[in-house]
Protein chains: 2
Amino acid sequence: MSKYVYSFGNGTADGEGKMKDILGGKGANLAEMSRAGVPVPPGFTIACQVCNLYFEAGNRVPEEITEQMYEALGILEGRIGKRLGDADNPLLVSVRSGAKFSMPGMMDTILNLGLNDKSVKAVAKLTGDERFAYDCYRRFIQMFSGVVLEIAKDEFEHIIEGRKKKVRVKLDTQLSAADWQAVIEEYKKLVKKHSGREFPQDCKQQLEMARDAVFRSWNNDRAIYYRNMNKIPHDLGTAVNVQAMVFGNMGETSATGVGFTRNPATGENKFYGEFLVNAQGEDVVAGIRTPRPIEELGKVMPEVYQQLRDITAMLEKHYRDIQDFEFTVEKNKLWMLQTRNGKRTGPAAVRIAVEMVHEGLINKKEAVMRVEPAQLDQLLHPMLDGKALKSLTKLGKGLPASPGAAVGRIVFTADHAVEQSKKAPVVLVRKETVPDDIHGMEVAKGILTSRGGMTSHAAVVARGMGTPCVAGAESISVEERSQTISVVVDGKKVTLKEGDWLSLDGSTGDIYAGQAHTLEPDPTSGVLAEFMSWADAFRGKFGVRANADIPRDAKQARKFGAEGIGLCRTEHMFFGEDRLPHVQAMILADDEKGRRKALQKLLPMQRADFAGLFKAMDGFPVVIRTLDPPLHEFVPKREDLMVDIAKLPHADVKTKKDMAARYRMTVGELKKGLPELLKRVEQLHEFNPMLGHRGCRLGITYPEITEMQARAIFEAVAQVAKKGVKVIPEVMIPLIGGVEELQNQKSIVKKVADEVLGKAGMQDQEYMIGTMIEIPRAALTADRVAAEAEFFSFGTNDLTQTTMGLSRDDYASFSKDYQEKKIFKADPFAVLDQEGVGKLVKYGVENGRATRPDLEIGICGEHGGEPSSVEFCFRVGMNYVSCSPYRVPIARLAAAQAAISDKSEVARTA
Amino acid sequence: MSKYVYSFGNGTADGEGKMKDILGGKGANLAEMSRAGVPVPPGFTIACQVCNLYFEAGNRVPEEITEQMYEALGILEGRIGKRLGDADNPLLVSVRSGAKFSMPGMMDTILNLGLNDKSVKAVAKLTGDERFAYDCYRRFIQMFSGVVLEIAKDEFEHIIEGRKKKVRVKLDTQLSAADWQAVIEEYKKLVKKHSGREFPQDCKQQLEMARDAVFRSWNNDRAIYYRNMNKIPHDLGTAVNVQAMVFGNMGETSATGVGFTRNPATGENKFYGEFLVNAQGEDVVAGIRTPRPIEELGKVMPEVYQQLRDITAMLEKHYRDIQDFEFTVEKNKLWMLQTRNGKRTGPAAVRIAVEMVHEGLINKKEAVMRVEPAQLDQLLHPMLDGKALKSLTKLGKGLPASPGAAVGRIVFTADHAVEQSKKAPVVLVRKETVPDDIHGMEVAKGILTSRGGMTSHAAVVARGMGTPCVAGAESISVEERSQTISVVVDGKKVTLKEGDWLSLDGSTGDIYAGQAHTLEPDPTSGVLAEFMSWADAFRGKFGVRANADIPRDAKQARKFGAEGIGLCRTEHMFFGEDRLPHVQAMILADDEKGRRKALQKLLPMQRADFAGLFKAMDGFPVVIRTLDPPLHEFVPKREDLMVDIAKLPHADVKTKKDMAARYRMTVGELKKGLPELLKRVEQLHEFNPMLGHRGCRLGITYPEITEMQARAIFEAVAQVAKKGVKVIPEVMIPLIGGVEELQNQKSIVKKVADEVLGKAGMQDQEYMIGTMIEIPRAALTADRVAAEAEFFSFGTNDLTQTTMGLSRDDYASFSKDYQEKKIFKADPFAVLDQEGVGKLVKYGVENGRATRPDLEIGICGEHGGEPSSVEFCFRVGMNYVSCSPYRVPIARLAAAQAAISDKSEVARTA
């Protein structure tokens with residue numbers, strides 16, 4: 001007879017770690033740990049092959065194997081010093097499935113097997129806790145009946161509810177030992193009614209029945225479905241693991257606790273954890289008793305503590321990562337219940353990775369793979385000081401739209417923000433922001449909106465600026481007219497007005513009334529800098545640029561390691577307070593002459609902006625996009641005008657003055673001026689601005705705009721280059737659908753460029769003219785587009801909108817339904833939809849390169865800073881990603897990981 | 001020495017029609033005509049090979065070939081009885097290029113060669129028209145100098161301008177013979193200045209120089225570019241055709257004229273044309289002298305007339321199509337200058353095609369290929385009676401948005417349209433229409449809008465209904481408040497008010513004040529019916545369905561030959577006067593219960609609608625699309641509400657009453673009701689409705705809507721099927737981006753369908769659930785979508801909008817620039833963009849069929865009725881197209897032509 005049952009425990013094991021085919025994953029791991037000297041509760045594993053034999057024999061385990069099992073049970077009883085079904089010192093066991101490949105939650109488990117009417121009394125006596133013992137017993141009956149006898153769970157729950165009603169309590173925890181005893185009696189009746197026989201008191205019978213049920217669960221519907229999904233063969237079978245249960249509540253020499261081998265919050269290499277004497281595992285986390293710091297275990301049980309330190313240190317070495325462990329001490333004997341790689345904060349992840357390299361535990365490649373790119377976010381922004389928050393009123397939670405902490409006085413308009421920010425830090429609070437608000441957003445320490453999602457205007461712009469933002473805080477009512485916000489907290493209405501202090505956590509979405517204390521992180525700290533230098537080495541030639549519109553952001557981006565600007569949105573400059581009047585004059589002009597006059601005023605301002613960017617990016621490329629948004633974004637809102645016109649006849653002097661100021665008219669001009677303005681605004685009105693007259697379409701209709709922008713760019717090039725700065729300009733035409741549009745705009749830019757550079761005697765200055773690929777048709781015709789384009793930059797924000805037919809601004813209204821019903825795997829505006837949008841991107845890259853093999857290709861959508869999307873961009877062969885300055889380190893790390901994975905991929909397939 | 005020069009004329013020729021390699025296309029054709037006995041002016045062709053010899057010899061024609069040329073010139077002179085350079089009876093010739101493949105306008109031509117200071121006097125004498133002779137001479141100098149001597153044209157123009165200034169006239173036609181003589185003197189000076197020698201008076205020298213220049217023009221930049229574009233080999237060379245010029249202005253025995261072998265307007269088989277005695281060709285078309293009907297030529301020159309009849313009859317037989325010809329009689333000798341297949345109207349095209357089959361001239365396949373599908377439009381709508389129009393005031397012209405004539409009294413609102421249409425026919429006049437106007441559009445005879453393009457709401461809906469529509473008539477000012485339209489006609493303002501008569505021609509865009517007389521065409525006329533039956537035979541299994549929402553349109557569609565409904569838009573039913581209140585109640589409901597209550601009211605109405613459609617389509621499939629538009633289309637406009645709220649505090653009683661009626665509130669409710677309504681409307685407001693909460697997204701958020709619609713559909717199926725009607729329902733889910741959305745909605749529809757049919761004992765009733773492919777992502781993931789979809793219908797309206805990132809409603813504002821700058825080849829909403837959108841369609845078809853080989857695939861966008869798009873749909877393997885009922889015959893014909901072309905393609909490559 002072959003060996004089918006494998007014992008483990010007491011520092012030894014019949015099997016070993018590599019025997020997963022026989023022992024399953026869990027069984028092999030237990031054998032491994034036991035052999036390594038880790039004091040796991042003893043037990044035995046019934047091999048996977050028995051599962052097949054069970055089914056082959058018509059749902060019966062061959063007699064000889066059952067004999068092997070009882071042999072192993074005997075060994076187990078010897079090792080733990082308890083006996084199954086013993087009336088004084090009973091052994092309780094868990095019976096668990098464990099296949100070669102993990103199938104979490106698919107198969108069945110039974111705990112506390114070995115309890116019966118007699119042994120329960122022994123447990124009560126040993127733990128001194130009668131209520132505990134009977135609660136365990138009723139749980140066992142319930143679990144056993146469900147798994148083995150297939151009695152529905154709700155019938156048992158029904159009995160408990162009945163009991164609670166009878167004794168007039170609400171919670172399970174309020175039931176006494178006597179109550180549980182009564183419940184058990186009713187459970188037994190239920191079992192008899194359903195199965196036609198008594199609940200088995202014979203513990204060996206319990207064990208055989210439980211084992212067989214676990215084997216049967218290999219072929220339940222869930223498990224079969226799961227294996228089909230994950231392509232796991234159906235003939236592997238599951239092992240059955242029988243393991244002694246241990247108790248930390250057997251008096252003052254027993255204890256239970258949890259811990260980490262290092263500090264999971266800071267990464268500090270210091271043993272960390274908590275424990276309770278005479279307690280069960282749940283007590284540590286339940287919060288009824290306050291657990292004690294793990295160091296004190298050294299005083300209470302010095303030997304056990306030392307053993308725990310030795311074992312966990314060994315485990316960390318073994319698994320080469322921080323360990324998160326659970327342990328129980330039963331009568332001075334330490335048992336390790338679980339150990340796994342520990343979850344950790346961003347700062348901790350970086351510190352642990354770097355220190356483990358220094359300790360020689362892992363290599364640099366492993367270190368770089370150990371930190372989730374998104375975790376870096378926590379290292380790059382100020383944080384609210386948690387300790388100081390308790391004195392503040394928490395107003396609620398919105399979406400964590402742009403990370404970091406912000407503390408400031410409330411303002412409700414962009415103009416007030418500019419004004420008030422001179423006196424104190426401000427937080428701009430709006431229902432939603434619009435491009436008009438830019439100047440206010442720039443000066444605000446933080447932004448709070450009650451509408452809009454993670455990719456609303458406020459969120460996108462704030463992330464770009466690195467300004468903390470909480471968006472879509474729907475529970476907070478923003479009354480822009482009365483200049484207040486109100487929210488109900490614990491049934492009480494709280495109202496704040498302009499000037500009141502507000503604190504936001506853009507990393508969590510938390511909102512507090514009052515002035516919080518913040519902690520400034522050090523983004524250039526030694527550990528982080530060291531870590532990033534390793535990442536960059538693996539990243540190689542794949543570039544990371546930043547989206548930045550103004551010199552301040554460009555400098556910030558350089559600090560975060562950006563290797564150029566991947567997107568400068570020139571319209572940002574158009575919204576400046578000193579520019580908007582000229583922009584509006586241009587829009588409202590009757591003819592080209594009028595437009596040119598206004599553009600002439602904008603030219604020196606744009607030139608200065610570009611010069612600043614070029615200086616900040618000395619030696620690195622700067623991609624400048626020509627004007628993109630529809631012109632109506634620069635003029636007053638149509639509906640506001642309509643309302644003001646309706647109100648004007650009855651308006652009082654103050655209202656009229658306000659209106660006049662808003663529209664830059666005199667009071668006398670309003671009557672004629674407003675309808676005239678409305679007429680032009682009506683002409684500009686669009687049903688679907690996203691798909692309207694914008695991008696290159698503006699430049700095609702108004703070539704003079706493109707011309708002015710090209711002039712500003714190349715005059716800035718000439719000006720800055722003469723000062724010895726190395727300028728690498730790349731002019732990008734937005735929103736093309738085909739090569740014809742690019743040709744049109746390129747010829748305008750090229751003409752101006754050659755004229756300006758020629759005049760400056762800089763014929764050798766290199767520059768590129770390329771295009772944004774953000775419309776499906778542009779990707780679909782990439783082969784022709786690349787004949788004209790010297791570079792591509794995928795604008796995946798708009799490409800996602802058009803490819804999915806989904807407006808980013810409007811998606812919020814039904815995103816909840818789409819998440820709940822699992823229509824989308826992730827928010828497609830945060831994580832690139834590789835199946836759909838990605839297919840177009842790939843097609844565009846391949847066909848663009850087919851025409852022009854050295855075509856420079858990047859991405860400048862929000863996705864450029866999202867790790868899985870960065871990995872995608874790397875994989876399809878882009879040259880770089882571009883993202884918000886604050887996400888540059890994240891992208892650098894994601895790219896490094898992509899490069900490492902790619903190489904191992906290559907290595908594996910080679 | 002090989003033969004390089006080929007003579008033709010006098011009913012004979014050295015070459016023949018198939019010698020295009022040698023003679024080029026034009027030369028071969030002239031040889032063919034001459035051999036066929038057509039009296040073409042005699043001449044000769046210098047072979048294409050000479051062109052290569054010319055370049056090989058360093059831009060020289062070998063001496064022997066020039067000798068051959070003079071030999072041919074001698075023959076020509078003999079045939080025409082004139083001599084080159086003769087002082088009394090000079091021969092003038094044209095010198096033209098003519099390659100194997102047509103390269104229109106790429107190479108050079110010289111006319112009137114042979115004129116010099118002496119021969120010009122002879123021409124003056126012979127024609128009795130001195131001015132004519134000198135005008136010819138100066139034109140010849142100009143043309144020769146441009147082509148041969150490469151002197152820029154504007155220098156010559158400058159001389160003419162100087163002359164006009166001098167003699168104080170404005171037009172060239174005002175210059176006298178003496179003026180032209182003076183101009184010629186200056187021309188000669190110019191030539192000398194530029195070329196360093198006199199303008200050649202030796203006509204043989206003229207001929208050789210012209211010949212060489214034509215050879216050189218084979219390698220000019222334009223020609224090389226054109227050959228590269230069209231993949232024409234560069235080594236073919238061009239032939240040179242030298243042909244005698246003839247003159248119809250040589251006295252009373254000379255004449256000139258144009259004609260058709262049949263009537264090009266009606267198709268009647270009757271000789272048709274006009275002529276002038278003693279005139280040049282231009283005189284016939286210039287309108288200075290009134291030409292005479294061609295029959296009169298029979299009286300003036302009976303023999304010539306008979307010869308012309310015989311020749312043109314022969315030409316018609318030869319080319320097997322109606323001929324459009326030009327002729328000149330020089331001194332009683334008839335010369336045919338040109339003949340080509342004649343342009344004709346739609347009715348003529350059909351009649352000619354059918355009659356030529358009956359005459360045995362062509363076969364049915366050829367007949368079907370002879371009619372342009374779009375031409376059928378003219379046969380399917382009433383037309384304005386041109387004769388009666390003269391008494392009306394033409395107000396202007398808009399876009400011909402939906403063909404046909406409409407005459408009615410003006411109404412400005414949909415409600416008035418319904419009311420007034422009971423008394424008299426009405427024409428609905430709006431700035432632009434909205435879905436709310438549907439009930440008015442339904443009853444109107446015609447629709448006029450001052451805004452919007454060919455694919456505006458008004459245009460699309462009107463075409464769908466077959467209602468004539470003129471859209472975007474920008475010169476007409478529609479004052480909806482004062483209920484008038486005004487327009488300036490010949491400097492005078494014309495104002496019309498409600499109730500005034502208006503006549504529209506939707507086929508031309510013409511707008512008239514007053515009541516025009518209309519002509520009703522007979523869409524089932526014998527000729528058309530016969531023609532369509534042939535087309536259908538060639539079309540085979542490829543189907544044509546109609547887009548129809550109501551039983552009336554469905555019946556119309558059947559009359560036009562539709563084989564099912566390809567798209568029923570259920571929202572059309574939601575806009576009905578009796579339904580809208582329930583729809584609004586549903587939208588404004590606070591919870592699912594409230595929505596279900598309102599939906600319950602809509603259920604019987606929808607069921608009745610569907611039942612009507614099924615009856616009309618007995619035995620044919622009916623595709624019903626679930627609700628598509630965003631909900632805010634069904635509620636009052638946000639900006640209207642805002643304005644009304646602003647006005648309310650100061651409104652008088654009448655205004656308040658109006659408001660109350662509009663919002664279905666009492667006057668007392670307004671104050672509270674309007675802001676409440678606005679709040680909900682604000683919630684529904686979207687930035688880009690096209691990409692917003694619509695289509696399947698509505699059904700996912702509000703499954704109860706899909707459920708109600710499914711119930712209405714299948715209850716109608718059960719109801720109608722029991723009466724013996726064969727029902728083939730296909731339920732279509734709109735706007736999916738991936739299979740997940742389809743799965744969600746399909747499961748709802750399927751559940752209801754199976755329940756309803758089960759209850760009715762109709763488990764065997766077949767039905768399909770499929771989806772619209774109108775979002776790029778759906779096409780890109782078609783393989784997965786097809787796993788769930790039983791059919792695809794490409795919604796190319798929205799697919800064009802998303803693939804091109806272009807809003808149909810907003811495109812109008814810059815479409816002019818895009819047309820002028822040739823960015824788009826055609827309006828992408830009228831003609832499917834095969835390069836971009838078509839690529840996605842093809843991908844979707846191929847990948848859908850890869851998963852489900854028998855997948856039914858159709859198209860239901862506007863493109864389904866556009867011939868080139870129909871051809872595309874056929875080519876990519878769709879099963880059918882669906883279009884407006886009135887375009888069904890067009891689609892049937894286009895499909896037939898596609899099938900014929902496809903088969904010949906197959907035959908050719910086989």
Side-chain angles (χ1 to χ4, degrees), chain A residues 630 638-640 642-647 649-650 683-684 686-693 695 697-698 700-701 735 737-738 740-741 744 774-778 780-781 784 798-799 801-811 813-814 816-818 821-824 833 835-837 839-840 843, chain B residues 630 638-640 642-647 649-650 683-693 695 697-698 700-701 735 737-738 740-741 744 774-778 780-781 784 798-799 801-811 813-814 816-818 821-824 833 835-837 839-840:
Chain A
R638 179 169 159 264
E639 54 269 37
D640 291 348
M642 291 168 84
V643 168
D644 283 337
I645 289 170
K647 278 184 177 170
H650 305 282
Q683 284 171 347
L684 293 172
E686 293 188 310
F687 297 100
N688 294 291
M690 159 69 208
L691 308 176
H693 196 187
R697 297 163 190 170
L698 288 175
I700 288 170
T701 309
L735 210 79
E740 292 80 5
E741 287 158 306
N744 177 298
E774 53 187 330
I775 284 189
R777 195 180 188 282
L780 290 165
T781 61
R784 291 190 60 217
D798 280 5
L799 191 60
Q801 296 196 81
T802 46
T803 304
M804 306 187 76
L806 188 65
S807 162
R808 195 166 71 170
D809 294 319
D810 302 314
Y811 171 51
S813 76
F814 57 97
K816 218 173 118 243
D817 297 305
Y818 264 53
K821 297 182 183 174
K822 301 208 165 80
I823 305 286
F824 292 159
D833 159 46
E835 187 187 347
V837 180
K839 205 174 273 173
L840 275 184
Y843 186 93
Chain B
R638 179 169 158 264
E639 55 269 36
D640 291 348
M642 291 168 86
V643 168
D644 283 337
I645 289 170
K647 278 184 177 170
H650 305 282
Q683 284 171 348
L684 293 171
H685 175 66
E686 294 188 308
F687 298 101
N688 294 290
M690 158 71 207
L691 308 177
H693 196 187
R697 298 163 189 170
L698 288 176
I700 287 170
T701 310
L735 209 78
E740 293 80 6
E741 287 157 306
N744 176 298
E774 53 187 330
I775 285 190
R777 196 180 187 281
L780 290 165
T781 60
R784 292 189 61 217
D798 281 5
L799 191 62
Q801 296 197 80
T802 46
T803 304
M804 306 187 75
L806 189 64
S807 162
R808 194 167 72 169
D809 294 319
D810 302 314
Y811 171 50
S813 75
F814 57 97
K816 215 172 121 244
D817 297 305
Y818 264 53
K821 297 183 182 172
K822 301 208 167 83
I823 305 285
F824 291 160
D833 159 46
E835 187 187 347
V837 181
K839 205 173 276 176
L840 274 185

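Proteins get letters first, then strands, A, B, ... in listed order; numbering begins at 1 in each.
Listed by chain and number, the residues in a salt bridge (charged side-chain N to carboxylate O under 4.0 Å, His left out) with A/Arg697 amount to none (sequence neighbours excluded). With sequence neighbours left out, B/Phe824 forms a ring pair (Phe, Tyr, Trp, His ring centres under 6.0 Å) with B/Tyr811, B/Tyr818.
Looking at B/Lys816, there are no atoms closer than 4.5 Å to chain A (heavy atoms on both sides), in backbone or side chain. Residue A/Asp798: no heavy atom, backbone or side chain, is found under 4.5 Å from chain B. Proximity to chain A (any heavy atom under 4.5 Å) is shown, for B/Asp644, by neither the backbone nor the side chain.
Between the CG atom in B/Leu806 and the CG atom in A/Leu735 there is a gap of 9.0 Å [rounded to 0.5 Å].
Taking B/Gly836, B/Gly737, B/Gly738 one by one and counting their heavy-atom pairs under 4.5 Å with chain A, the maximum is reached by B/Gly836. Chain B forms the most heavy-atom pairs under 4.5 Å with one residue out of A/Ala778, A/Ala646, A/Gly805, and that residue is A/Gly805. Listed options A/Gly695, A/Pro630, A/Pro689, A/Ser813 were ranked by heavy-atom pairs under 4.5 angstrom with chain B; first place goes to A/Pro689. Of the listed residues (B/Asp817, B/Asn688, B/Asp833, B/Val643), the greatest number of heavy-atom pairs within a distance under 4.5 Å of chain A belongs to B/Asn688. In terms of non-hydrogen atom pairs under 4.5 Å with chain B, the most contact-rich of A/Met642, A/Glu835, A/Lys647, A/Lys821 is A/Glu835. Among the candidates B/His650, B/Glu686, B/Glu740, B/Glu639, the residue making the largest number of heavy-atom pairs closer than 4.5 Å to chain A is B/His650. Counting heavy-atom pairs under 4.5 Å between each of B/Arg784, B/Gln683, B/Gln801, B/Glu774 and chain A puts B/Arg784 at the top.
Between B/Asp810 and A/Phe687, the shortest heavy-atom distance links the atoms OD1-N, 2.9 Å. Minimum heavy-atom separation, A/Ile700 to B/Ile823: CD1-CD1, 3.9 Å. In this structure, A/Thr803 and B/Ile775 approach most closely via the heavy-atom pair O-CG2, 3.1 Å.
Between A/Lys839 and B/Arg777 there is no side-chain heavy-atom pair separated by less than 4.5 Å. At a threshold of 4.5 Å between non-hydrogen side-chain atoms, the residues B/Leu840 and A/Leu780 count as touching.
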